[in-house]
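To start, the structure itself, in structure tokens.
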Amino acid sequence: MQAPAFTEITLDQLAGKLSSYKEDGWRFANLCGTTAGNMVEILISFTLDEKIDNLLLFVEKGVKVPAVSKIFPSAFLYENETFDLYGVKFDGTILDFDGRFYITSVPTPMNPHSLAAEEYLASSSDEEANNG
Amino acid sequence: MGLKLTGMTLKNLMSKPVTRRYPHEPLVYTERTRGHVHNDMEKCILCSICDKACPAGALIVDKEALTWTIDRFSCVQCMACVRSCPPKAQRLTMRPEYAPSALTMSMETHTKTEE
Amino acid sequence: MADRTIVPFGPHHPVLPEPLHLDLVIEDERVVEAIPQIGFVHRGLEKLVEKRDFKSYVYITERICGICAFGHSLGYSETVEALMEVEVPPRAQALRVIWHELSRTHSHLLWLGLLADAFGFENLFMQCWRLRERVLDIFERTTGGRVILSACNVGGVNHDIADEDLQGIVLVLEGMIGEYKTLLKTFMKDRSVANRLRGVGVLTKEEAIGFGVVGPFARASGIAEDIRTFGHGGYGLLGSFEPVTADECDGYARCKVRGDEVFQSIDIIKEIIQKMPEGEIMTKVKGSPAAGARAVWQLEQPRGECFYYAKGNGTKFLERFRIRTPTFMNLGGMVHTLQGCDLADVPLNVLTIDPCISCSER
């Protein structure tokens, strides 16, 4: 079995890579986020027969990523999930739940460094300072 | 033609039920059924390896008070403790009978008697 | 222009095995648009990987879903073995395949029962589940549990099966075949069943490729893709393997594909038992995953292709473990098949993808 490939790309290379995978007939497999320090590492995987290709994209706080669901329509669920859990916004996703996909008690629970999580932490510590 | 299940349905009507009339008939356990964890307190050396291996946090071992406590309601019968107990003299075993039902949650403590 | 009404479907509904919400926009009993909503069973199990070390986490992956329980523990173990480059003994790999194929048999029998319940044929539902009990008895005799097996672990399997027990498994499965053929004939040839299944939820081959659907849902539209053809692990012992496909692209085809896959699973189990290698069943795993190591793995679960991703960071806790379940991938295709169908066929359309929502929203 060929070992799966992990390639790191930048934000402007993303659109070109997506169209080339679509033309060659690759199938979209996975889109998930991981917290890496202050940034979020987005992994996008494609498969074709036995080959698996993985793209790694490092995203800073507040940066918007162009939507994958415009080219691969079934990716809209993954984009909503990544926004709810990690705070990474995908621009132009075909069905946008705007943060209400998973109803969590804390905003972006898997990423404590996102903008929403830091706002929440600041507002809750203000409340404690006012009440206490 | 429709109604292909008529044969099996009539046979089911005439034969005795497939289910067991529990609790009037006793439950049938197999040899490997994971029922409850049993500890042989005579041989237990209170090393606490099972305490660290339990993924549900159901075991508490107190070396000074010489007790081994299990919370039967947290135990998920996964056998991680049984596998981690040092194999020379297997003190922890999995017995097939399920733990008896209870109305209140409580911890079950076993004390090691002093020799 | 006819008036449009919005009918909420779920999350509590007698036909759904798990909670799923759909907002159906209907026009005179025909569905025009369907907006899905999931997230009712989200337990945050992917965050728990930061708190349980990688050897204990296998007990949590088993409890993600009740039907695909063994599948997730198998996928997790194989992914971590690929991450840490551990060699699994061949007997353990063969035993894993036997339990996984039995898992597929019981899952398809469960689904056939639910499908019969969805169009009101309760007798057929009960007969399918009665047959499924024999597979659950095999599980209890070999591993100690009916649904949660606790049999797979990183490095091998926990229980061994003696040779006479293996022959006993073959006898039980062969005894099931006669009754199973009667049940399948009812699904395929009975006129009342055919009226409900034919022409319902059509997804053509081009649309299926565009949405990237997986598993029996895709194989019923003519796409012959199955991860078992790659021959990972114990599947390399098989002589030849051809995925089961059908061409009608509707609910009838999906029922046919899953029904025939049960026969195929029984044949696979018999072949593996014949070719069973000798040896140990567990390799001891020392150390922790290296920092910066990544691994991906694919597995063919009863519902389709499941994709796993693991990343290590040098400690005994994994940094990230991602499970992408087949239902998450098929939801897009399901929403597309709902457009244009009758209101009474909505539960059937939802069930034909074999939804396992609790896996999707770990």
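Here is the naming used below: chain letters follow the sequence lines, and residue numbers restart at 1 for every chain. Bear in mind the structure is a predicted one, so any value in this text is a computation, not a measurement.
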Taking atom [atom1] of [X] and atom [atom2] of [Y], what is their separation to the nearest 0.5 Å?
X       : Y        : atom1 : atom2 : value
A:Cys32 : A:Leu85  : SG    : CG    : 11.0 Å
C:Ser77 : C:Tyr57  : OG    : OH    : 12.5 Å
C:Arg52 : C:Thr61  : CZ    : OG1   : 13.0 Å
C:Leu20 : C:Ser358 : CG    : OG    : 12.0 Å

message: What verdict does the ring pair (Phe, Tyr, Trp, His ring centres under 6.0 Å) test give for C:Phe321 and C:Tyr76, after you've listed the backbone C-alpha separation in whole Å, the side-chain angles of each residue and the deciding distance to 0.1 Å?
response: CA-CA 9 Å; C:Phe321 186 68; C:Tyr76 174 77; 4.9 Å; yes
- line: Tested for side-chain contact (heavy atoms from CB on, under 4.5 Å) against C:Leu318, the lone hit among C:Asp53, C:Val49, C:Asn313 is C:Val49
Between A:Leu56, A:Asp84, A:Leu95, the one whose heavy-atom pairs under 4.5 Å with chain C are most numerous: A:Leu56
statement: Ranked by heavy-atom pairs below 4.5 Å to chain C, first place among A:Thr35, A:Leu43, A:Asn80 goes to A:Leu43
Do [Y] and [X] meet the salt-bridge criterion of a basic N to acidic O distance under 4.0 Å?
X        : Y       : answer
C:Arg320 : C:Glu46 : yes
C:Arg96  : C:Glu81 : yes
A:Lys89  : A:Asp96 : yes

- prompt: Quick one: of C:Glu50, C:Glu305, C:His336, C:Glu319, who has the most non-hydrogen atom pairs under 4.5 Å with chain A?
  reply: C:Glu305
For [X], is it the side chain, the backbone, both, or neither that has a heavy atom closer than 4.5 Å to a heavy atom of chain A?
X        : result
C:Thr229 : neither
C:Phe307 : side chain
C:Val214 : side chain
C:Ile227 : neither

message: Pairing donors with acceptors under 3.5 angstrom, does anything connect the side chains of C:Tyr309 and C:Arg294?
response: yes
Is the side chain of [X] donor-acceptor paired with the backbone N or O of [Y] at a distance under 3.5 Å, no angle test?
X        : Y        : answer
A:Arg27  : C:Ile209 : no
A:Thr93  : A:Ala67  : no
C:His100 : C:Glu300 : yes

What part of [X] is in contact with chain C, defined as an atom under 4.5 angstrom from a non-hydrogen atom: side chain, backbone, both or neither?
X       : answer
A:Leu77 : both
A:Tyr78 : both
A:Asp49 : backbone
A:Ile94 : neither

- prompt: Who in residues 11-24 of chain A is close to chain C, using a strict under-4.5 Å heavy-atom cut-off?
  reply: A:Lys22
message: Using a 4.5 Å heavy-atom cutoff, which residues in residues 215-224 of chain C come close to chain A?
response: none
- prompt: What about the rings of A:Phe46 and A:Phe72, do their centers lie closer together than 6.0 Å?
  reply: yes
query: Is it the case that more than 12 heavy atoms not belonging to A:Lys64 sit under 6.0 Å from its NZ atom?
result: no
